[in-house]
Enquirer: 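Below is a structure I'd like to ask you about.
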Amino acid sequence: MSADTPADAAQSPTPAVPKGSPTTQVTVTVGAHLGDRPPPAMRLCEELVARLPALAHLARYTAGTGDFAVDLAGASPSPAQRQLIGRDVVYAMVGLDAQLRGARSGDLVRLLLHTDRGALIGLAVLREQYLVALTWPDETLGVSGEAAEAVRQVDAELSGLANQLRRAVSQRPADYGGWLELSDEERASIVRAAAVSEATPVDADGMPARVWARTAAAESLATICRRHLSVDGLHFVAVCRPGEVLATADVLDSPRLERFFDGTSAEARRDFYTLFGQRLDVQLRALIRAAHPALGARVHRLVLDVEQGEIYCLPLSVDRYLLAVTLDQHRVQTAEKQALALRRALP
């Protein structure tokens with residue numbers, strides 16, 4: 001797989017004027033390998049960047065090669081740096097997809113890295129074809145209030161664009177981030193819900209929960225984790241440090257979740273997530289290195305969206321991380337709220 005960005009490409013300021021929006025200046029970079037035949041997707045990407053104030057960069061990569069990039073005029077870092085970030089993110093998504101196949105929960109279709117300065121979003125549109133987006137990097141952006149709303153709006157709109165591109169080549173839509181099944185009113189409500197982390201913990205009493213702690217001191221962590229599990233939300237959680245897992249809790253043995261274990265087992269899935277948790281810091285550091293020029297290093301959350309559910313990686317401190325998993329793609333919005341609430345509850 002090559003990793004070219006649109007080298008030797010034509011760059012030109014292009015006024016993109018979506019209906020009902022003021023003129024916004026964008027720069028379009030087209031890969032030389034496309035010649036004079038820019039893909040129809042490029043115009044759709046131009047319109048989206050022009051329409052969403054928080055979207056600073058949107059590019060498409062096919063087999064690791066940058067097809068085109070659309071950049072909002074005046075955004076930093078430079079378009080060339082953003083294209084390098086996109087290339088590295090595609091590499092990271094390919095590597096993570098290979099690692100996550102061991103869980104047998106489907107392909108990695110979406111990655112969201114949210115820092116205190118903005119967000120990076122990668123979407124797998126087709127096999128070996130990705131969209132990579134950066135929200136406007138701003139040291140004052142933060143991770144709540146209007147900033148959180150802006151990131152969620154970009155996330156929802158990108159999911160819609162990716163499915164528009166899939167439908168154009170007669171492919172079924174993918175439920176990126178759980179946005180697909182929501183009505184317009186539900187989607188708007190979630191976008192506006194800046195305090196997404198304000199979720200009520202769900203007590204797991206009455207469910208067949210499995211709890212494990214490495215040491216007696218970590219038993220309290222496992223107990224807190226257990227209280228935030230739900231068959232209709234989070235199914236597995238682990239508190240991790242580099243190279244080790246301190247405590248875990250899960251409801252993977254619930255009869256209501258048996259439908260997710262065709263070809264695997266609850267025990268195999270439990271072992272997989274525990275091993276993944278031991279390597280969690282490696283995954284985060286690789287993505288931080290890739291996105292650092294635009295987004296800095298203070299990570300709020302990393303979301304790995306597979307075909308069956310989502311994996312949430314949430315820093316707790318300098319050397320502790322929370323790994324949280326849901327298997328149900330229709331419940332990812334609820335599960336994310338529970339994961340963020342659990343992070344606040346942990347010492």
Side-chain angles (χ1 to χ4, degrees), residues 52-57 72 75-78 81-82 84-93 95-96 110-122 132-155 158 177 191 193-199 221 237-244 246 276-305 310-324 335-347:
L52 296 180
L55 185 55
H57 170 79
L72 194 62
S76 62
S78 69
Q81 285 181 300
R82 282 177 242 158
L84 289 174
I85 291 171
R87 179 203 64 185
D88 290 344
V89 169
V90 170
Y91 263 138
M93 289 187 70
L96 282 166
R110 168 177 162 269
L111 178 151
L112 188 152
L113 179 68
H114 190 181
T115 77
D116 63 344
R117 290 176 55 186
L120 180 152
I121 303 171
V132 178
L134 284 167
T135 66
W136 186 280
D138 184 343
E139 292 183 359
T140 65
L141 194 62
V143 293
S144 61
E146 293 183 5
E149 180 176 335
V151 170
R152 286 191 163 274
Q153 182 181 16
V154 170
D155 189 26
L158 282 172
V191 166
V196 64
S197 60
E198 297 297 330
L221 299 176
V237 293
V239 179
C240 314
R241 283 199 308 218
E244 67 175 342
L246 301 177
F276 190 79
Q278 293 175 14
R279 303 170 178 171
L280 189 54
D281 67 306
V282 177
Q283 314 297 342
L284 276 172
R285 291 180 191 281
L287 285 167
I288 290 170
R289 281 195 299 271
H292 182 270
L295 301 180
R298 297 184 62 183
V299 174
H300 173 57
R301 61 183 171 132
L302 168 66
V303 181
L304 303 175
D305 191 353
E310 285 187 347
I311 300 172
Y312 310 99
C313 308
L314 309 175
L316 298 171
S317 62
V318 174
D319 63 347
R320 285 201 311 158
Y321 311 90
L322 174 65
L323 175 69
E336 184 172 2
K337 291 179 182 180
Q338 292 176 358
L340 291 168
L342 171 55
R343 175 169 63 181
R344 293 199 318 279
L346 287 167

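All values below were derived from every heavy atom in this structure, side-chain atoms included, with hydrogens, water molecules and symmetry-related copies excluded.
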Enquirer: Just how far is it from atom CG of L346 to atom CG of L322, taken to the nearest 0.5 Å?
Expert: 6.0 Å

Enquirer: Could you tell me if the side chain of L111 sits less than 4.5 Å from the side chain of L302, heavy atoms only?
Expert: yes

Enquirer: Please list, one pair per line, the donor and acceptor atoms closer than 3.5 Å that link side chains of residues 311-320 to other protein atoms, with sequence neighbours excluded.
Expert:
residue	atom	partner	partner atom	Å
Y312	OH	E310	OE1	2.7
Y312	OH	V332	O	2.9
S317	OG	R320	N	3.4
R320	NH2	P347	O	2.3

Enquirer: Below 4.5 Å, heavy atoms only, C-beta onward: do V90 and V132 meet side chain to side chain?
Expert: yes

Enquirer: Quick one: list whatever passes side-chain contact (heavy atoms from CB on, under 4.5 Å) with A345, sequence neighbours left out.
Expert: I224, H228

Enquirer: What's the shortest heavy-atom distance between D281 and Q278, and which atoms?
Expert: OD1-O, 3.7 Å

Enquirer: What closest approach, in Å, do A291 and L120 show between heavy atoms, and which atom pair accounts for it?
Expert: CB-CD1, 3.9 Å

Enquirer: State, to 0.1 Å, how close I121 and D155 come at their nearest heavy-atom pair, and which atoms those are.
Expert: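 Here I121 and D155 meet closest at CD1-CA, 3.9 Å.
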
Enquirer: Closest heavy-atom contact between L55 and A133?
Expert: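 Minimum heavy-atom contact is CD1-CB, 3.8 Å.
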
Enquirer: Look up atom NE2 in H292 and atom OG1 in T115, then write down how far apart they are to the nearest 0.5 Å.
Expert: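 The NE2 atom of H292 sits 9.5 Å away from the OG1 atom of T115.
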
Enquirer: Run the side-chain contact (heavy atoms from CB on, under 4.5 Å) check on V299 and Y321 step by step: do they pass?
Expert: CA-CA 11 Å; V299 174; Y321 311 90; over 6 Å; no

Enquirer: Who passes side-chain contact (heavy atoms from CB on, under 4.5 Å) against D88, sequence neighbours left out?
Expert: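 In terms of side-chain contact (heavy atoms from CB on, under 4.5 Å), with neighbours along the sequence ignored, D88 is linked to A290.
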
Enquirer: Can you check whether A119's main-chain N or O pairs, donor with acceptor, with T135's side chain at less than 3.5 Å?
Expert: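 Side chain of T135 to backbone of A119, a donor-acceptor pair under 3.5 Å: yes, one is there.
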
Enquirer: From L158 CG over to Q153 CD, what is the distance, rounded to the nearest 0.5 angstrom?
Expert: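 Here the interatomic distance stands at 10.5 Å.
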
Enquirer: If every non-hydrogen atom of A92 is compared with every non-hydrogen atom of L287, which pair is closest and at what distance?
Expert: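 Heavy atoms of A92 and L287 come nearest at CB-CD2, 3.7 Å.
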
Enquirer: Between L340 and H300, does the side-chain contact (heavy atoms from CB on, under 4.5 Å) criterion hold? Intermediate values first, please.
Expert: CA-CA 10 Å; L340 291 168; H300 173 57; 4.2 Å; yes

Enquirer: How close do I85 and P293 get, heavy atom to heavy atom, and via which atoms?
Expert: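 Of all heavy-atom pairs spanning I85 and P293, the closest is CD1-CB, 4.2 Å.
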
Enquirer: Under the rule for salt bridge (Lys or Arg N to Asp or Glu O under 4.0 Å), what residues qualify as partners of R343, not counting sequence neighbours?
Expert: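 With neighbours one apart ignored, the set is empty.
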
Enquirer: Just verifying a value: how many Å separate L134 CG and R117 CZ, rounded to the nearest 0.5 Å?
Expert: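 Output value for this atom pair is 11.0 Å.
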
